[in-house]
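Indexing begins at 1, ligand by ligand and atom by atom, following the structure's order.
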Amino acid sequence: MKKWEENVRKVVPYTPGEQPKEQNLIKLNTNENPYPPSPKVAQALQEMTIDCMRLYPDPSAHLLVSAIADFYGLKEEQVFVGVGSDDVLAMVFMTFFNSKKPILFPDITYSFYDVWADMLRIPYETVPLREDFTICAKDYCRENGGIIFPNPNAPTGVELPLAEIEAIIQANPDVIVVVDEAYVDFGAESALPLIEKYDNVLVVQTFSKSRGMAGMRIGYAMANPVLIKYLNDVKYSFNSYTMDQTTIALGKAAVEDRAYLEETVHKVVETREWTKRELSRLGFVFGDSKANFIFAAHKTCPAAELFAALRKANIIVRYFNKPRIDNYLRITIGTQKEMEAFVAFVEKYLSER
Ligand SMILES: *Cc1c(COP(=O)(O)O)cnc(C)c1O
């Protein structure tokens, strides 16, 4: 090792799901929406002029912030935007998790949390989920430096009821509680109303899943104005111009089309419920997902084997070779047609095995 390497910030980066180059794949591995963004987004893109690109974007992304505030009936001072919720969450870790006490998150959860904690030297402890993959709220009622969990949780899809989220917030008035609601639009109850009642809760959402805009990179946090101010102070100390003009304009167009969001979410939910019935019939076990994916184990066929067979058939799902979950596949809900092809392949594979 070179002398200078002693002073390198060494990190083990997050591994995102595969984005394969091949066409004609059924891609059920990264929880993207199978439907395109609102047609209003295409229209807004056409209306953009090239000349405006000479100018720096508005660092406050005011047009997008105000559109999001209008959508949820909030004040602009209650909304923070970032380049995907990954950017928002990284800012949240940097801003609010500065205690010497460990932050808490579930042992089975979004695998970026421990990466940010390690990178930012934040002590953390993971809290085991129950055997059925539910979060036990009581386990979060102890000394800590902050709390974060997704609701519904990823990769399990399991929802924590709002009353239990409120119990966690009430038991932790001295730290910030972050609810990562990346998948909440697919049927879980949002903790958003709690931001009016508690000053220590922050709700994070994204355009990547329910609004079908993972490629645009838009995430947002909603909380009381004091928390939002602290977040903006850190953001402006790091990089003021994170969100580009195109993203601001297209994000605004997307959030204004509430009807389209409801329509596409409805289609995904219908297909999810159909897929659950089919998976049960084929001998899978899984929690009651409220997200746009199902986390399932087969009663006799090991997940790693099925994962490889699916990959050979050009169907990609996600497999995590980690303790407690190494016999599960996380299957993103695609179009109805894609899920029918998925089910047909699995049924045939299992019957010939
Ligand atoms: C997908 C996801 C995110 C990140 O989404 P962005 O594309 O960065 O907005 C954050 N949290 C969870 C739990 C996710 O699954």
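- Minimum interatomic distance between A249 and M48 (heavy atoms only, all atoms of both residues): CB-SD, 4.2 Å.
- Taking any N or O of Y183, backbone or side chain, at least one lies under 3.5 Å from an N or O belonging to ligand 1.
- Counting protein heavy atoms only, atom 5 (O) of ligand 1 is closest to S85 OG, 3.1 Å.
- No side-chain donor-acceptor contact under 3.5 Å links N232 to the backbone of F80.
- There is no side-chain donor-acceptor pair under 3.5 Å between D51 and T49.
- For atom 7 (O) of ligand 1, the nearest protein heavy atom (residue, atom name, distance) is S208 OG, 2.6 Å.
- The pair E273-K276 counts as a salt bridge, with a side-chain nitrogen and a carboxylate oxygen less than 4.0 angstrom apart.
- Heavy-atom contacts of G84 reach the following atoms of ligand 1: 8 (O), 9 (O) (cutoff under 4.0 Å).
- Under a 4.0 Å criterion applied to the non-hydrogen atoms of K209, ligand 1 contributes the atoms 1 (C), 2 (C), 3 (C), 4 (C), 5 (O), 14 (C), 15 (O).
- For ligand 1, the atoms sitting less than 4.0 Å from at least one non-hydrogen atom of R217 are 6 (P), 7 (O), 8 (O), numbered in the order shown with element in parentheses.
- If you run side chain to side chain contact (heavy atoms under 4.5 Å, CB included) between F97 and each of N144, I122, V175, only I122 comes through.
- The aromatic rings of F293 and Y183 lie perpendicular to each other, with more than 60° between the two planes, well past the 30° mark.
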Salt bridge (charged side-chain N to carboxylate O under 4.0 Å, His left out) between D185 and K209, intermediate numbers included: CA-CA 9 Å; D185 291 335; K209 279 76 183 225; over 6 Å; no

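- Contacts with ligand 1 closer than 4.0 Å are made by side-chain heavy atoms of D180 only, the backbone lying farther away.
- Looking at ligand 1, you won't find any N or O of Y110 less than 3.5 Å from one of its N or O atoms.
- Those atoms of ligand 1 that come under 4.0 Å of a heavy atom in A182, given as number and element, are 2 (C), 11 (N), 12 (C), 14 (C).
- Under a 4.0 angstrom heavy-atom cut-off, N31 registers as lying outside contact with ligand 1.
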